[in-house]
Amino acid sequence: MKKIAKIGSIGLGRQGEQHAINLATRVQGCELTAICDMDEPKLNAFADKYGVKHRVKTFEDLIAIDELDAVVIVSPSVFHAKQIEQALAAGKHVFSEKPLGVSMEECVATEKVVKKYPGRLFMLGFMRRFDQSYRYAKAKIDAGEIGKVVLFRAYSQDPIKYIKGAIAYGPTSGGQFLDMSVHDIDLARWMVGSEPDQIWAIGGCYAYPEFGSYKDGDNVSALMKFKDGAMGFLFAGRTANHGYNIETEIIGTKATLRIASVPQCNLVEILDGHGVRKECHDNFLERFEAAYVNEMQEFVNCLNEGRKPSPTVDDGYRASLVAYKCREAFESGNLVTTGL
């Protein structure tokens with residue numbers, strides 16, 4: 001009989017709800033057995049709609065459910081480090097959304113905790129590795145089709161319509177490099193195949209001075225040099241009027257790869273009084289809808305097949321370290337080294 005992994009999930013915010021729906025309806029080889037959230041009406045409505053067996057309001061109650069094989073952590077970032085440790089200690093395998101922690105100290109501690117339990121599976125949610133276009137590009141790089149990587153360039157822009165939420169989240173986000181650019185940092189390490197060594201970062205509060213009180217900016221950028229000599233450039237912005245824009249370019253000695261160089265939600269062109277235009281995705285859940293399913297399917301497959309998943313806790317630690325070094329360079333105005 002084919003094994004069915006029993007999974008409990010915490011968090012019914014935007015991202016948590018989507019993960020839970022995917023587990024309940026789209027991911028094969030698993031059962032969403034328990035759901036956890038402090039919002040009781042929302043918790044009950046979700047559990048009733050999707051036929052979830054257990055519904056609890058605390059993480060402690062979730063990990064106390066004996067029949068669970070694994071937990072999926074999609075709670076606020078400030079709880080990740082503690083909940084990862086609690087779940088592993090309770091004998092559960094863990095999938096956690098990034099980050100590992102909201103400080104470098106927490107990230108270091110969490111890496112040590114995960115390595116303390118070698119018999120437990122741990123996977124971090126860097127979903128872009130599971131996007132079909134990025135996987136296709138990675139295969140081209142690995143096959144040597146673009147030659148040696150010369151430059152990795154990435155833009156991550158959030159729609160300005162969500163600026164109030166970004167400002168409210170500012171005090172606990174860790175800053176734009178950790179909150180937004182960490183996905184591009186993970187992609188850069190994965191695609192270049194080398195570690196960022198030197199970093200210089202700039203930016204500012206061009207439209208929203210509120211971010212300055214958190215030592216952050218509404219638009220920031222970083223220039224990197226990798227250990228193998230490749231260059232990296234990252235841009236993260238909160239003020240895109242045109243929509244959610246994730247753009248990546250990898251320049252090699254033989255060829256160049258561009259992913260979503262013109263952001264668009266589909267192949268439709270609109271011809272109207274504004275001319276000819278294409279509409280953009282509205283948010284990250286829409287742009288990476290399939291990637292979220294693919295990454296959770298990989299986690300479940302690893303559970304059922306008894307193999308280690310990737311991205312690993314080490315990937316999370318290294319990407320977080322680079323993000324914090326970007327922030328250090330941004331705040332100090334100095335060139336910094338990562339020590340990786």
Side-chain angles (χ1 to χ4, degrees), residues 14-15 17-18 21-22 26 126-141 145-147 149-167 176-177 179-188 190-192 202-208 211 217-223 231-295:
R14 277 197 310 164
Q15 193 173 17
E17 184 176 25
Q18 189 58 58
I21 290 171
N22 290 342
R26 301 178 70 180
F126 282 136
M127 78 292 183
R128 293 188 194 176
R129 292 196 189 198
F130 296 89
D131 175 80
Q132 187 175 19
S133 296
Y134 284 114
R135 293 181 77 85
Y136 185 79
K138 170 65 170 170
K140 293 280 189 186
I141 295 169
E145 294 185 30
I146 74 165
V149 175
V150 174
L151 172 71
F152 176 93
R153 176 182 64 85
Y155 293 169
S156 289
Q157 294 179 274
D158 277 349
I160 197 169
K161 64 190 283 187
Y162 297 122
I163 194 67
K164 289 184 178 179
I167 293 170
Q176 276 203 86
F177 290 112
D179 182 39
M180 294 178 68
S181 294
V182 72
H183 284 290
D184 292 317
I185 292 167
D186 179 65
L187 280 179
W190 186 52
M191 289 186 162
V192 176
I202 57 173
C205 299
Y206 299 92
Y208 294 91
F211 288 102
D218 52 32
N219 288 270
V220 298
S221 65
L223 182 65
M231 298 175 284
F233 177 77
L234 310 176
F235 172 73
R238 301 278 194 192
T239 59
N241 281 289
H242 56 284
Y244 183 66
N245 183 8
I246 302 297
E247 178 183 344
T248 309
E249 180 178 50
I250 307 100
I251 298 175
T253 53
K254 295 180 181 178
T256 294
L257 303 174
R258 288 180 180 169
I259 302 141
S261 58
V262 177
Q264 58 193 70
C265 62
N266 52 47
L267 299 178
V268 176
E269 291 183 336
I270 301 171
L271 288 73
D272 58 15
H274 298 285
V276 181
R277 58 190 174 89
K278 297 178 180 180
E279 294 183 330
C280 297
H281 288 289
D282 181 67
N283 57 67
F284 63 96
L285 291 176
E286 181 183 310
R287 165 63 179 86
F288 293 105
E289 178 186 2
Y292 280 113
V293 176
N294 293 342
E295 73 169 352

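Just so you know, these numbers use all the heavy atoms, side chains as well, and skip hydrogens, waters and symmetry mates. In this chain, residues are counted from 1 in sequence order.
Side-chain atoms of Tyr206 and Thr239 form no donor-acceptor pair, as typed in the model, at a separation below 3.5 Å.
Taking Arg128 as the reference, Asp184 meet the salt bridge (Lys or Arg N to Asp or Glu O under 4.0 Å) condition, with sequence neighbours excluded. Remark: Ser181 engages no residue in a side-chain hydrogen bond (donor to acceptor under 3.5 Å, both in side chains) (not counting sequence neighbours). Under the salt bridge (Lys or Arg N to Asp or Glu O under 4.0 Å) criterion, Arg14 pairs with no residue at all, not counting sequence neighbours. Contacts of Glu286 classified as side-chain contact (heavy atoms from CB on, under 4.5 Å), with partners at least two apart in sequence or in another chain: Cys265, His281, Asp282, Asn283. Listed by chain and residue number, Ile270, His274, Arg277 satisfy the side-chain contact (heavy atoms from CB on, under 4.5 Å) test with Asp272 (two or more places apart in sequence, or in another chain). Not a single salt bridge (Lys or Arg N to Asp or Glu O under 4.0 Å) links Asp218 to another residue, sequence neighbours left out. By the side-chain contact (heavy atoms from CB on, under 4.5 Å) test, Lys278 pairs with Gln264, Glu269, sequence neighbours left out. Legend: residues meeting ring-ring contact (aromatic ring centres under 6.0 Å, His included) with Phe126, ordered by chain and number and at least two apart, are His183. For Tyr136, the side-chain contact (heavy atoms from CB on, under 4.5 Å) partners are Lys140, not counting sequence neighbours. With sequence neighbours excluded, no residue forms a side-chain hydrogen bond (donor to acceptor under 3.5 Å, both in side chains) with Glu17.
The backbone N or O of Ile250 sits nowhere less than 3.5 Å from a side-chain atom of Arg153 that would complete a donor-acceptor pair.
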Hey, can you pull the donor-acceptor pairs under 3.5 Å for the side chains in residues 253-262, sequence neighbours left out?
from, atom 1, to, atom 2, distance (Å)
Thr253, OG1, Lys148, N, 3.0
Arg258, NE, Glu249, OE2, 2.6
Arg258, NH2, Glu249, OE2, 3.1

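Of all non-hydrogen atoms in Met191 and Ala137, the two that sit nearest each other are CE-CB, 4.0 Å.
Screening residues 232-251 for ring-ring contact (aromatic ring centres under 6.0 Å, His included), with sequence neighbours left out, gives Tyr155-Phe235.
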